[in-house]
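Taking it in order: structure first as structure tokens, then the write-up.
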Amino acid sequence: MKNIIIFGAPGSGKGTYSDEIVAKYNMGHISTGDVLRGEIKNGTELGKIAKGYIDNGQLIPDELMIDILAKTYDSLPKGQGVIFDGFPRTIAQAEALKKMLSERGDDMGMMIELVVDEETLLARLLNRAIEQGRADDNEVTIKKRFEVYHNQTAPLADWFEKEGIRNTFTWNGTKEAMLADIYACIDKNN
Ligand code: AP5
Ligand code: MG
């Protein structure tokens with residue numbers, strides 16, 4: 001299996017679709033958000049640093065994030081393909097990922113971009129706040145996360161376009177239909 005980078009705004013479904021893809025194709029999965037929330041839960045030094053950024057909807061500094069990503073990647077079994085969920089989020093992270101993978105004889109595979117309107121994103125995240133109580137799912141922090149996404153992460157889509165691996169999927173109201181299109185893309189690219 002080729003690697004997959006799943007890319008999109010907060011609430012676009014990166015985690016939800018990653019879970020489905022992992023179950024179908026038996027791939028590895030790295031969610032940098034989940035890694036950081038795990039560190040916070042365990043009260044580690046990294047968790048203490050990360051909490052300040054996450055609670056404010058800001059990105060963790062690139063150097064720290066790149067180091068965490070490489071360590072997590074190296075801890076996974078090889079040869080199954082990995083879904084990168086929530087990474088990269090800046091050009092520096094994208095360049096670092098490309099380099100890290102090429103040093104290991106691997107590449108980025110394909111990028112899957114999820115495009116969802118902001119009203120739907122907000123409704124999903126406010127609903128998740130009730131269901132799961134994630135600390136950054138409050139309206140003030142969600143708005144900051146949207147802003148950070150637009151300013152720092154969305155411009156990366158063009159970077160992937162230049163790499164020739166961008167595949168865009170726009171939300172049309174049905175999860176199953178979107179998932180079928182994503183599977184067709186994965187099959188075509190493998
Ligand atoms: P992260 O955990 O990555 O959060 P995010 O990007 O804000 O995205 P979410 O996890 O909120 O949404 P998602 O796209 O996974 O959607 P989901 O599937 O859950 O990052 C959190 C923070 O960590 C960042 O703000 C930053 O501080 C830090 N961080 C992480 N990575 C970093 C990096 N690389 N560099 C620097 N800092 C980093 O879906 C959302 C909800 O919608 C769910 O409840 C789902 O059930 C629901 N839903 C309803 N209908 C649908 C549908 N049709 N499709 C999908 N989901 C649906
Ligand atoms: Mg997520």
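Every heavy atom of this structure was used, including side-chain atoms; hydrogens, water molecules and symmetry mates were not. Every number for a ligand or one of its atoms is a count from 1 in the order of the listing. Numbering of residues begins at 1 and proceeds along the displayed sequence. Just so we're clear, the structure is a prediction, and the values are computed from it rather than from any experiment.
Geometric assessment of Lys14 against the ring of Phe84 yields a negative cation-pi assignment under the 6.0 Å and 45° thresholds. In this structure, Arg124 forms a cation-pi arrangement with Trp171, its terminal cationic atom sitting closer than 6.0 Å to the ring centre and no more than 45° off the ring axis.
The aromatic rings of Phe7 and Tyr149 sit tilted, their planes meeting at an angle between 30° and 60°.
In this structure, the separation between CD1 on Ile142 and CD on Glu118 is 10.5 Å, given to the nearest 0.5 Å.
Residues meeting the side-chain hydrogen bond (donor to acceptor under 3.5 Å, both in side chains) test with Ser18, sequence neighbours left out: none.
Summarising the local packing, CD of Glu103 is surrounded by more than 12 heavy atoms from other residues, nucleotides or ligands at distances under 6.0 Å.
Closer than 4.0 angstrom to ligand 1 sit non-hydrogen atoms from Ala9, Pro10, Gly11, Ser12, Gly13, Lys14, Gly15, Thr16, Tyr17, Thr32, Gly33, Leu36, Arg37, Ile54, Gln58, Leu59, Ile60, Met65, Gly86, Phe87, Arg89, Gln93, Arg124, Leu125, Arg128, Arg134, Asp136, Arg145, Trp171, Lys175.
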